Amino acid sequence: MIPALFEQPNYSLSIIGWNEWLALIWYGPFVTALAFIFWYAGIKRCHVSTAAALSGMMPFSALLLSVWLLGEQAGWQQWLGGLLVILGMVLIGREQPSFTRRELADRELLIQK
């Protein structure tokens, strides 16, 4: 906060018009805060592997949307990173063996012996 004072925030804030203030108010509490509330409410209701896959997909979906909607140029490093994200999602999504509580307890006993 202290370094920000050297940028004379009072002057910068005084030249902002009503449209900009309304945009700040809209994007702060409504768009950003509600998005996080909904995101964490949804993540709480799904399996951990699904949550990990969705979290990993965010940067790749941002890359796709920036190329598609904004016309940004993505280099081979970004596409390679996206490929690795998809590979990670495939590995996470593979069927894992599920055990009953009894089987897990039996395995724990075998490990302790």
Side-chain angles (χ1 to χ4, degrees):
M1 291 290 296
I2 304 265
L5 295 176
F6 293 111
E7 296 182 16
Q8 300 174 345
N10 291 335
Y11 173 73
S12 299
L13 293 175
S14 68
I15 62 173
I16 294 177
W18 281 105
N19 286 338
E20 290 83 7
W21 279 110
L22 291 174
L24 283 172
I25 291 169
W26 173 254
Y27 282 110
F30 292 106
V31 175
T32 306
L34 284 177
F36 275 103
I37 289 168
F38 290 146
W39 171 258
Y40 286 111
I43 289 295
K44 191 168 54 172
R45 290 176 173 81
C46 66
H47 192 267
V48 68
S49 62
T50 305
L54 290 173
S55 295
M57 191 61 183
M58 278 195 274
F60 186 60
S61 63
L63 171 69
L64 291 176
L65 288 172
S66 69
V67 169
W68 181 49
L69 292 176
L70 302 176
E72 296 283 335
Q73 298 294 320
W76 65 270
Q77 296 95 338
Q78 288 83 18
W79 293 115
L80 178 63
L83 182 65
L84 291 174
V85 166
I86 292 173
L87 178 64
M89 288 176 33
V90 168
L91 292 174
I92 288 173
R94 289 190 344 201
E95 187 67 32
Q96 300 294 324
S98 60
F99 299 102
T100 64
R101 289 180 186 239
R102 177 70 182 159
E103 290 171 331
L104 289 174
D106 290 343
R107 286 176 160 248
E108 185 68 28
L109 289 174
L110 287 175
I111 292 172
Q112 289 178 356
K113 289 183 181 180

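Keep in mind that what you see is a predicted model, and the values were worked out from it rather than measured.
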Visitor: Does any non-hydrogen side-chain atom of W79 lie less than 4.5 Å from one of L83?
Guide: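 The answer is no, as the side chains (C-beta and beyond) never meet within the 4.5 Å cut-off.
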
Visitor: Can you tell me how far CE of M89 sits from CG of L54, rounded to the nearest 0.5 angstrom?
Guide: 7.5 Å

Visitor: Would you say I25 and W18 are hydrophobically clustered, going by side-chain heavy atoms of ILVMFWY under 4.5 Å?
Guide: no

Visitor: Side-chain contact, heavy-atom cut-off 4.5 Å: W26 with L22?
Guide: no

Visitor: Would you name the heavy atoms of G56 and V85 that are closest together and state the gap between them?
Guide: O-CG1, 3.1 Å

Visitor: Using the rule that Ile, Leu, Val, Met, Phe, Trp and Tyr join whenever any side-chain heavy atoms are under 4.5 Å apart, tell me whether L34 and W39 fall into a single cluster.
Guide: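 No, no single cluster joins them.
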
Visitor: Can you see which heavy atom on T32 is nearest to which on Y27, and at what distance?
Guide: OG1-O, 2.7 Å

Visitor: For Q77, does the CD atom have more than 12 heavy-atom neighbours from other residues, nucleotides or ligands under 6.0 Å away?
Guide: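 Enclosed: over 12 neighbouring heavy atoms sit under 6.0 Å from CD of Q77.
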
Visitor: Specify the closest pair of heavy atoms between F60 and G82, including all atoms of both residues, with the distance to one decimal.
Guide: CD1-CA, 3.1 Å

Visitor: If two hydrophobic side chains count as joined below 4.5 Å and joins carry through other members, does M58 share a cluster with L63?
Guide: no

